[in-house]
Every structure is written in structure tokens, then in C-alpha cells.
Amino acid sequence: MDIIKLLEFDQIRNQWKEFAVTESALDKIDRITYYLSESELRKNLQDTTDARNLIEICGMPPLTSVQEAKESIMRAVKDGCLLPEQLEKIEKLLTAVRRLKDYLNRGIAYGNPLAWYEQNLDALEELREEISSKIRGGKVDDYASKQLQQVRNEIARTKDKMKLKAEQTLRTQKSYMADQFCTVRNGSICVPVKKEYKHKIQGSVIDQSSSGNTLFIEPAAVSKMQETLQLLEIQEEYEVSRILYTLSAMAADQAPVMEENIRMIEKLDFMFSKGKLSMEMNAAAPNINLDKRIRLKNARHPLMEKEQCVPLQFELGENANGIVITGPNTGGKTVAIKTVALNCYLAQCGLHVTCEEADICMNSSFLCDIGDGQNLTENLSTFSAHIKNVLEIVDHVSSDSLVVMDELGSGTDPTEGMGIAIAILEELRNSGCLFLVTTHYPEVKEYAEHTTGIQNARMEFDKQTLQPLYKMVIGEAGESCAFHIAKKLGMPQRMLETAKRAAYGPDNYVCEVQREKCKKDTSSLKKIKKAKKTAVRTELSQKFQIGDSVMIYPDKKIGIVCQPVNEKGELRVQMQNKKIWVNHKRVKLHVKAAEMYPQDYDFSIVFDTKADRKIRHDMERKYTDQRIEYEDIR
């Protein structure tokens with residue numbers, strides 16, 4: 001079964017992709033699936049929340065595509081020389097990095113965690129300025145070097161002299177000319193000479209007109225200057241090559257830094273795309289639990305206009321693991337179950353949900369049977385398609401699954417369909433999963449009412465106007481309203497009585513089911529991985545301690561640890577002129593603090609300024625109204 005299409009997540013994904021600009025983020029969105037690791041899910045949800053908060057504070061981030069710059073960097077490393085337009089792509093990348101750093105810096109004042117990624121970006125101002133000063137409009141600028149400027153000025157003067165020589169020939173030999181203007185043919189300045197006078201003009205024939213009556217001759221006086229022009233152009237080409245090689249070598253030297261910039265931009269682009277999607281859908285951050293509990297307040301389907309939606313109030317897992325929804329056709333049953341399932345799926349993909357409030361459990365799998373499922377190529381009827389999906393669901397269901405099924409037991413004989421529907425519910429109940437189903441069978445409503453762990457629910461219907469209200473009431477069974485609608489439309493009472501006896505029989509029928517616990521091998525099914533809240537941090541805190549000398553990759557710069565690993569797996573490092581936050585994966589222990597400093601060493605000597613140490617000393621001796629200015633610490 002294609003859960004993505006059944007839940008319409010593919011449409012959400014297409015909408016989401018409109019908010020990403022990098023190839024990497026688009027590819028990640030295409031491959032996104034629900035997380036099974038609690039820690040990974042919580043981190044991704046927090047990223048979405050932080051991204052939206054930063055957008056609301058600072059506006060849209062200045063992100064840009066990096067694919068062309070990435071290709072230019074690879075070529076600089078591999079081939080050694082870039083074309084001017086390729087260098088311009090690198091310059092645009094560095095300009096984008098500078099703007100992004102400025103944007104994130106504004107967020108630091110608000111304590112937004114995403115803003116600290118600014119410290120992992122390097123705009124390489126020297127390289128950017130060098131490229132921008134030497135490359136303009138897709139070519140090496142005249143002022144890129146004094147020698148280039150001189151050569152190009154000399155080339156321009158030589159060309160002017162050659163043109164003057166040609167014009168002089170044109171004036172003095174006017175009677176032999178086919179026109180009164182000089183022209184450039186095959187890179188040579190020529191005069192248009194009538195064919196019969198070609199021997200009257202000294203020079204080389206370069207071209208002729210389409211009719212053959214006019215020859216384009218480069219005068220001998222111009223030809224003598226052509227050699228000088230070619231030598232100057234060789235000098236120009238050499239100087240241009242030298243400049244391009246120099247800039248390319250500078251870019252190649254900084255390739256690791258630029259590649260890290262690109263990785264940061266792609267990572268931030270993915271995060272901000274989630275924040276933009278949240279704003280577009282007017283969504284909210286869900287709370288995640290592992291207690292098999294789903295609570296949605298004022299939920300709506302993400303693909304429906306907010307003004308058209310009737311807010312859904314939904315609870316599952318507290319009093320029952322399963323809900324059976326009944327009600328009339330077009331009453332909103334299918335929309336309701338899709339709203340619940342899709343919001344749960346969004347939450348487990350690290351996205352915000354279209355609810356006012358949401359408390360959603362993690363699920364090991366999402367199993368759905370929605371729609372008639374007919375397939376002409378496989379010769380499947382509606383009922384056959386349903387049964388095929390049901391068997392697949394039963395085979396993959398576990399206690400941590402969320403199962404959603406529409407029109408349970410439909411598409412076949414009502415009596416047999418009812419029996420199959422109850423058998424399916426019993427299988428789901430025994431598995432311990434959370435499930436949400438819709439049905440029209442009154443016997444199924446009776447079964448749900450008398451079975452532990454299952455609740456009835458109904459979609460409200462206005463019997464006066466015959467209009468659905470699209471509101472779910474949990475704890476009450478609904479009715480199809482077929483008899484009521486028929487009566488309102490004028491069906492005689494005798495026909496209604498006949499229909500009721502045919503439908504329900506002379507006595508009310510309550511189904512008795514033999515319940516046998518299902519036993520099956522669940523070792524191959526997906527399982528939720530609970531977060532180890534302290535183990536990783538404890539291990540890292542033991543690995544990196546204050547005062548340790550560490551090497552930061554990919555730059556291979558040495559720093560001193562000034563703050564231990566936090567809950568995000570980041571530690572703070574004192575560099576030459578600043579303190580930065582860096583992910584522990586980019587840090588390698590260089591020399592332990594114990595090997596460099598004596599026991600009980602005062603690290604404020606390393607980490608604090610001289611002014612700060614003096615203030616602290618004054619505070620220890622006497623009162624002072626001065627205070628130490630610390631950098632913001634996340």
C-alpha cells in the first residue's frame with residue numbers, strides 16, 4: 001500500500017518543496033519518511049519550531065541555490081583553472097554566506113538556537129573581495145592588474161591606428177571602392193573594393209560579397225600593424241590566464257571551508273523550508289509522547305481551507321485503543337480519519353500539525369485502507385482490493401502501529417461483510433495497536449459498544465435540513481440516516497416499516513464473537529527507538545572537558561574547550577579571537593587539559609579578558625558597580 005498517496009502526504013510534500021531552494025533540501029524532502037528514533041524526531045521538530053520562530057522575528061532567510069557554486073569549487077580543485085563566470089558563481093556564494101551570517105546574527109539577540117549556526121559559516125571576505133574586484137560581467141576586468149590595463153589600452157590604441165589607416169586608404173582610393181565604409185571580416189579591418197580593381201589596392205583579400213562583385217581587402221599598411229596587435233593580444237591572454245589561475249588557486253585552497261558553507265546552507269534550507277511550510281499551513285508544534293495517546297484540539301485537514309473546515313476534537317488511547325465512526329454518507333467520516341492520520345504522519349516526519357494543540361504518540365508504522373482500491377489491470381473489485389489491503393495490514397500490524405480503515409467490510413454481501421468487519425476489528429484489538437475505522441453496519445456499532453478497548457463515535461447530522469455538520473462525537477454511535485432521509489423525502493410509512501424489518505429482522509441482533517488472542521512473530525516489524533537521554537551526553541562530557549586542546553575540522557584549527565557538551569551535542573571552543581559553538585562530530589581531541597595545566601588551574605586566565613579578571617578581583621575584595629560582560633550562551 002502507498003501510505004504517502006493514501007494519506008495525501010504527497011500533496012503536502014509538493015507544497016513543501018516550493019519553500020526549498022537547494023538541490024540537497026529538495027532531495028531530502030523527496031526521501032522524507034517518518035522517524036522511528038525519539039531523539040531524532042524531537043530534534044527535527046525543534047528545528048522546525050526554531051526555524052519558524054526565526055522567520056517570524058527576522059523575516060525570510062536569504063538562502064540561494066548552491067549547485068553551480070558547488071560544481072565550480074569541484075572544478076577548481078580538479079582542473080586548477082576556472083572561467084570568469086565560474087568564479088562569479090563562487091563570489092555569489094560567498095556573498096550569500098555573508099548575508100546569511102548577518103541574518104543569523106540578528107537572531108542571536110533573541111536566543112534562537114538556529115542563529116548559532118552563524119559560527120559555522122565563513123564568508124571568506126578576502127577571497128570574495130579579490131574575485132569581485134577582478135571579475136565583472138563574466139570577464140576579467142580591465143583594472144584586474146596594472147599590466148592588463150596597460151596591454152588593453154595599447155590594444156585599443158593599435159586598433160584605432162589600424163582603422164585610421166584603412167579609412168585613409170578608403171579616401172585616397174575612393175574611385176575603386178564599392179562602398180564608403182570600412183568593415184571587419186574574419187577579425188581583419190578591410191576596405192570594400194570593386195572586383196575589377198583588386199590589383200589597384202595593395203593588400204590581402206580576406207573575403208568577398210555573396211555576389212562576388214565586391215572583395216574585402218586588408219590594406220598593406222594595416223597588415224603591418226596586425227603583427228603588433230597579435231603580440232599584444234598574446235600578452236593580454238597570458239595576463240588573463242595568470243589572474244584566473246591565481247583566483248582559482250585561492251578558491252581551491254579554501255574549498256573545504258566553502259564546502260562546509262554549502263553543507264550549512266543546505267542544512268539550514270531544509271530547516272527553514274519546514275518553518276515556511278508551518279507558516280503557510282498556519283500549523284503548530286505538536287507534543288510527542290510514547291504512551292500511545294493521541295489528542296487533537298481544533299484539528300483540520302492541511303489541504304482544506306481553514307475557513308471551510310469544521311474543527312475536529314479527537315482523543316484516542318486514554319479510554320480505548322480503537323474508535324468506530326458511523327454516520328451518514330458525505331458526513332465527513334473519511335475526512336475525519338484522514339485528518340487524524342495525516343496530522344500524526346506530519347508530526348512524526350518532524351513537521352508542525354494543523355491543530356490548535358496536539359499531543360501525538362510515536363507510531364512504528366502507519367497502515368491504511370482508504371478508497372475503493374479497484375485495479376482493472378489486476379482485475380480487483382472493490383471488495384477484493386479491500387481484503388488484499390486488510391491482509392497486508394494484519395501481517396504488518398504491531399502494538400505501536402496506527403491503523404486507519406474506511407468503509408470496513410464494504411463491497412460484498414452485507415451479512416458476510418459485517419462478519420468480516422468484526423473479525424478485522426477483533427484482530428486489531430488483539431494486536432494492541434491504535435485504530436480508527438468507519439462503517440455503516442449496525443452490528444459493528446453493537447460490537448464496539450460491548451467490547452472493551454473500543455469506542456463508538458458518530459458524525460453529527462441535522463435531521464431537519466438533511467445536512468451533515470462534520471462534527472465528531474466520541475462515545476456515541478451514529479446512524480446512517482437512510483430511513484430518516486427517505487421519510488423526509490416522502491417515502492410512505494408502510495414502506496419504511498418493511499425496510500426496517502428487512503434490514504434488522506424481528507429482533508435486535510447483537511453479535512457474539514469468540515475472541516482468541518492472535519499470536520504471531522513480530523521480530524521483523526519496525527520498532528520505535530526511545531531516546532537515551534543521558535548516555536550520549538555523559539560519554540561526550542567525559543571525552544571533552546574544559547581546558548582540553550581540540551582540533552576543529554575541516555579547517556584543522558586548534559582551540560580550547562571552554563564549555564562542555566550540551567543536550568544538542570555541541571561544545572563551545574575558545575579560538576584565537578572568539579568563542580564558537582561546534583558540533584562534537586567536527587571536533588577531535590588534541591591534548592587533554594590534564595597534560596597541559598596543573599590541577600585546580602584557574603581557566604579564567606585563558607577564557608576571560610584582562611579587564612574581566614580585574615573586575616572579578618575587585619568584586620572579591622570589595623563592592624563594585626561594574627559587571628563582567630559575558631557573551632550570550634545558548
Side-chain angles (χ1 to χ4, degrees), residues 67-69 71-72 75-76 78-92 131-248:
Q67 188 60 33
E68 291 180 335
E71 293 170 358
S72 296
R75 180 165 179 177
K78 183 178 179 181
D79 297 337
C81 188
L82 298 177
L83 299 175
E85 54 266 28
Q86 292 170 326
L87 286 165
E88 279 188 325
K89 297 292 189 302
I90 292 177
E91 190 266 334
K92 287 179 181 178
I131 295 176
S132 63
S133 66
K134 289 179 168 52
I135 307 295
R136 295 179 189 272
K139 66 176 185 178
V140 178
D141 189 69
D142 293 348
Y143 301 98
S145 71
K146 287 185 179 180
Q147 185 174 350
L148 183 61
Q149 182 183 2
Q150 292 171 359
V151 169
R152 284 183 173 173
N153 288 340
E154 189 61 33
I155 287 173
R157 286 193 291 269
T158 302
K159 285 182 177 179
D160 287 342
K161 290 178 183 179
M162 293 170 70
K163 187 176 181 182
L164 288 173
K165 289 290 184 182
E167 289 174 346
Q168 184 179 0
T169 302
L170 192 68
R171 289 193 300 270
T172 57
Q173 306 292 340
K174 188 175 181 181
S175 59
Y176 304 140
M177 301 298 160
D179 207 339
Q180 299 179 6
F181 303 98
C182 297
T183 184
V184 176
R185 291 298 175 102
N186 297 327
S188 299
I189 299 175
C190 303
V191 293
V193 180
K194 295 175 184 177
K195 184 178 181 179
E196 58 269 26
Y197 299 121
K198 69 175 182 178
H199 298 297
K200 298 291 185 179
I201 304 298
Q202 291 184 349
S204 305
V205 177
I206 303 300
D207 200 0
Q208 67 178 7
S209 64
S210 56
S211 65
N213 294 326
T214 301
L215 299 177
F216 297 97
I217 298 176
E218 181 183 49
V222 174
S223 298
K224 291 178 181 178
M225 302 181 70
Q226 185 68 32
E227 184 177 345
T228 302
L229 178 63
Q230 288 176 350
L231 288 172
L232 288 170
E233 287 176 341
I234 290 172
Q235 292 178 31
E236 179 196 22
E237 184 179 352
Y238 174 81
E239 183 62 14
V240 166
S241 296
R242 186 191 68 79
I243 292 169
L244 291 178
Y245 269 106
T246 301
L247 293 176
S248 299

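What you see is a predicted model, and the numbers here were worked out from it, not measured in a lab.
Side-chain atoms of Ile155 and Leu229, non-hydrogen and from C-beta on, do get closer than 4.5 Å to each other. Proximity of Asn213 to Glu196: side-chain heavy atoms (C-beta onward) are nowhere separated by under 4.5 Å. Looking at Glu91 and Ile135, their side chains never come closer than 4.5 Å, going by heavy atoms from C-beta outward. At least one side-chain heavy atom of Ile206 sits under 4.5 Å from a side-chain heavy atom of Cys190. Leu247 places none of its side-chain heavy atoms less than 4.5 Å from the side chain of Leu82.
The stretch residues 162-191 participates, sequence neighbours left out, in these side-chain hydrogen bond (donor to acceptor under 3.5 Å, both in side chains) pairs: Arg185-Asp207.
Remark: Ile131 CD1 to Ile243 CD1 distance equals 13.0 Å, nearest 0.5 Å. A distance of 7.5 Å separates CG of Leu87 from OG of Ser72, quoted to the nearest 0.5 Å. To the nearest 0.5 Å, atom CE of residue Met162 and atom SG of residue Cys182 are 11.0 Å apart. Glu88 CD to Lys139 NZ: the interatomic distance, rounded to the nearest 0.5 Å, is 11.5 Å. A distance of 12.5 Å separates NZ in Lys194 from CG in Leu215, rounded to the nearest 0.5 Å. The CD atom of Glu227 sits 12.0 Å away from atom NZ of Lys224, with the distance rounded to the nearest 0.5 Å.
The minimum heavy-atom distance between Leu244 and Cys81, with the atom names listed, is CB-SG, 3.9 Å. Of all heavy-atom pairs spanning Gln149 and Tyr143, the tightest one is NE2-CE2, 3.2 Å. Heavy-atom minimum distance, Pro84 versus Gly138: CB-O, 3.4 Å. Across all non-hydrogen atoms, the minimal contact from Gln226 to Gly187 is NE2-O, 4.5 Å. Closest approach of Ala166 to Val191, counting heavy atoms only: O-CG1, 3.6 Å.
For Lys134, the side-chain hydrogen bond (donor to acceptor under 3.5 Å, both in side chains) partners at least two apart in sequence or on another chain are Glu130. With sequence neighbours left out, Arg136 forms a side-chain hydrogen bond (donor to acceptor under 3.5 Å, both in side chains) with no residue at all. Legend: residues meeting side-chain hydrogen bond (donor to acceptor under 3.5 Å, both in side chains) with Thr158, ordered by chain and number and at least two apart, are absent. Annotation: side-chain hydrogen bond (donor to acceptor under 3.5 Å, both in side chains) contacts of Asn153 (sequence neighbours excluded): none.
Applying the 6.0 Å contact sphere to CD of Gln202 captures no more than 12 heavy atoms from other residues, nucleotides or ligands. For CD of Glu154, the number of neighbouring non-hydrogen atoms (other residues, nucleotides, ligands) closer than 6.0 Å is greater than 12.
Checked by atom type, the side-chain pair Ser223/Glu218 shows a donor-acceptor distance below 3.5 Å.
The main-chain N or O of Leu83 is found under 3.5 Å from a side-chain atom of Gln86 such that the two form a donor-acceptor pair. At distances below 3.5 Å, at least one donor-acceptor pair connects side-chain atoms of Ser209 with backbone N or O atoms of Thr214.
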Under 3.5 Å, which donor-acceptor pairs do the side chains of residues 231-239 form with other protein atoms, sequence neighbours left out?
| residue | atom | partner | partner atom | Å |
| --- | --- | --- | --- | --- |
| Glu236 | OE2 | Arg152 | NE | 2.9 |
| Glu239 | OE1 | Arg242 | NE | 3.2 |
| Glu239 | OE2 | Ser145 | OG | 2.7 |
| Glu239 | OE2 | Arg242 | NE | 3.3 |
| Glu239 | OE2 | Arg242 | NH2 | 2.7 |

